[in-house]
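The structure appears right after this line, and notes come after that.
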Amino acid sequence: MLAHLCLVLCWPSLLTRHSEHTPPPPPPENGCVVFPAVRSAAAGGGSPSALANATPPTWVTDQWLEAVGPVESVVIDADSVPVPSQHASTVVLAGNPQPFSTAHPRMVIVDPSTAESIGLQQGWLSTSPTAVEVFSERARFCGTTAFHHNYGGHQFGSWAGQLGDGRAVSLGILQGRPPPTTPDEAHALPHPPPLEIAVKGGGRTPFSRRGDGRAVLQSNLREFLASATLLSLGVPTTRALCVVASDVEYDGLTRDIDYQGRMEQVPAGTLTRVSPSFVRFGTVQIVSRRQGPAGLARLARATLRVLRSMEAAGDPASARISLDQTHASVQPVCFYTAGPPSCAANADTLTDLQLLECLLERVTARTAALIAAWMAVGFAHGVMNTDNLSLLGITIDLNVFGFVNDYDVTFAPNLIDDEDRYAFGRQKDIGWWNLHRLKDALTGTPYVNDYRNEPSWDASKSSTSWLADSSADTILARYNTTYDMCFEARMRLRLGLHTHYSSQQLERSSVWLVKAWVKWLTVAAPDYHHASLMLGDVASLLAPPTNDTDYSADIQLLSSTATRNPPRSRRWLGKILRVLHSVVHRGPPLACAVLPATSARAGCAATTWRRAVYRAVPVHVLRTAQTKVITEQTARHGQDAFVAAAFRAVSQPFESPRPHRQQAIVKVATTADLPPPPQHAAASTKDVSAWVSKALSCVPERAAAKMKTSCGGQ
């Protein structure tokens, strides 16, 4: 076994598009870079002996490409094509990244937990010139084949044909251990899933079409922070590793940020993302059209192998939130904890038709659970095209997302979404629609809104190689059930409730509470995050419920967050508090139930409930208006401390239990109370951190509450 992981960097022959003013830097003297203290993802704990015996990660080399991960599913086109073109038989195309023209890119920010997951030290990433070269696509690892994904997609409801990675390149696939070969081996923990490393924004690819393949630094910083936010909220997502920037003026980009006809020059950057795979709904769609059932079976088998290892290991997001009050039966389904084997465990032995059926079953279940998680945390993806949804049921392509402020189901964060197709409240239905487009691909059905059939596409419904419509419909019928179960489970956590009570009365009350709370949110339109957090501040629930309990002060407290507050919503809120009061005190955790004194049991139950609310509802929220200011300070003014402070805040978004607020009404801090950000370069880290923390914990003013983002700023 290698004691260290050595990456050999390929230099001038791979470095293209250099300006004559910026020659490439010389290669390292020893020809390779040894990572300090490489840690395998399979290592258990951090003891020296564990690290010494750990199997170091291995980068996928050329000869492995056809045997690992989704790359196996392709006829690989090994010839890099520098111009946009159609690729009829490939899902992965060998790539030759086009790097920054500057010779002096800089590392802006690194996620240390993501770095550790792929065996890198934060210090090496943050300070090594070689790391900057690799993750700005100016150099790559010898012995690996960089590649681009080829996929199609329905965009805003219309089939768009071939799309592909127009500004992303995958550097390789990292394997902590060899791929599992049997179901038993797949579920023998620990077994980390593969990790595909992809850089976004380096330059044109064979799929760039009319784009330049570059990425705006500010947009990359938004995606970096969004990844960290979703992870800390327990939402499955791709991971951001680092952001690299160029401060050289001639390396900037010209963009019409808000499609207002005003072109401006903005700094460029690259974002490195990590995921078990970047296969999408659109990958299945393009394979169906161009390779038919045989290609679909190969893709399904490879994807299910990845899912097998993910399901055995559990998702990193599930470890970021407290699941103490969740029932064991819902954890693997809704929170992606390690659980019993699914059909994916048999990926190596399933027939071709069974592979297609299993793929649809796993994608349906995981997509329902993912969208339920989005809805529970108030996240609107913004661009749910089929090329932007992962086959693995994790969040990808965080380009034009937004977190709701007022609870508004019509909120659509994407500036170009004129018809609000991807509005917050429509995400469940769009997921259902997209799954039916996946069904079309697996059953050989002509695509919606498409009148141009591929010459090589065999859509003969008489073929027994396609998945049967009846089988697909049976699977899709489970979508709503899974979504409802997972949404309720996540909302119960936000309300401080258990996901299951042995008492039928308490169980019925809990189900009613989730529905009633959502109804009040919809009618009153309060700030979703502050209203949820203030629920933990209500005073009336501290004592056992009686017929004389007065909820008026707490109704006033919660109503202070509402933007619409008709009398009927206040009455409804009063009923919610009465039922919640009953559930908190009649369904206490075992540790409280065994206490001898009634007052002690009541106090324990109330304290435990309040702590549960504070552990589930974030104080720091990545709101669009405040995030824009923070990322501008870094991208346009070079103050990296702002995005670093925001990363720390959203990585630990929950507030520790606080003393109860004695006042009946708490004034909600708004951005009107926020001073301007520290502008001078000498601003202390402490000052910047304090400003960012306050910015992310206050409510935007009315004019900024509906702020949208734009593809023009990417």
Side-chain angles (χ1 to χ4, degrees), residues 66-77 86-92 149-154 159 161-162 164 183 277 279-308 342-367 386-387 389-392 433-479:
E66 293 189 4
V68 178
V71 183
E72 173 216 0
S73 63
V74 230
V75 178
I76 301 175
D77 188 342
Q86 294 289 316
H87 300 274
S89 62
T90 67
V91 177
V92 168
H149 284 269
N150 183 13
Y151 46 84
H154 276 83
W159 172 243
Q162 176 182 290
S277 175
V279 288
R280 305 147 188 270
F281 282 35
T283 311
V284 175
Q285 290 181 292
I286 205 73
V287 169
S288 174
R289 294 295 294 263
R290 296 181 173 182
Q291 299 181 32
L296 284 175
R298 290 192 298 269
L299 175 62
R301 193 183 304 277
T303 303
L304 290 172
R305 285 173 175 165
V306 175
L307 281 171
R308 176 174 62 188
S342 71
C343 61
N346 301 313
D348 295 318
T349 58
L350 297 176
T351 66
D352 286 1
L353 282 177
Q354 288 172 334
L355 286 168
L356 303 188
E357 186 172 340
C358 180
L359 179 67
L360 184 60
E361 189 273 325
R362 298 313 303 139
V363 175
T364 298
R366 292 174 72 90
T367 300
T386 58
D387 58 296
L389 285 189
S390 169
L391 282 180
L392 307 181
W433 191 91
N434 286 343
L435 285 166
H436 276 76
R437 305 293 73 78
L438 188 64
K439 170 199 167 184
D440 293 344
L442 296 173
T443 58
T445 302
Y447 292 169
V448 170
N449 198 21
D450 176 37
Y451 305 100
R452 296 176 301 149
N453 290 334
E454 298 284 344
S456 61
W457 185 53
D458 175 16
S460 172
K461 298 296 286 187
S462 63
S463 171
T464 57
S465 300
W466 298 102
L467 182 63
D469 285 297
S470 58
S471 298
D473 289 338
T474 299
I475 294 170
L476 292 179
R478 304 170 195 154
Y479 173 80

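Because only heavy atoms are used, hydrogens play no part in the values below, and waters and symmetry mates are left out as well, while side chains stay in.
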Rounded to the nearest 0.5 Å, what's the gap from OG on Ser471 to CD on Glu361? Could you check?
-> 12.5 Å

Kindly indicate whether the side chain of [X], heavy atoms from C-beta on, has any atom under 4.5 Å from the side chain of [Y].
X      : Y      : result
Arg362 : Leu391 : no
His436 : Val448 : no
Thr303 : Ser277 : no
Thr445 : Asp469 : yes
Leu467 : Lys439 : no
Phe281 : Leu435 : yes
Leu359 : Leu356 : no

From the list Leu355, Ile475, Thr474, Thr443, side chain to side chain contact (heavy atoms under 4.5 Å, CB included) with Leu360 holds only for Ile475

Whether [X] side chain and [Y] backbone form a donor-acceptor pair below 3.5 Å:
X      : Y      : answer
Ser288 : Val284 : no
Tyr447 : Gln285 : yes
His154 : Arg437 : no

With sequence neighbours excluded, tell me which residues meet side chain to side chain donor-acceptor pair (under 3.5 Å) with Arg280.
-> Asp397

Taking only residues two or more places apart in sequence, or in another chain, which ones meet Ser390 in a side chain to side chain donor-acceptor pair (under 3.5 Å)?
-> none

Could you list the residues that satisfy side chain to side chain contact (heavy atoms under 4.5 Å, CB included) with Ala294, not counting sequence neighbours?
-> Arg298

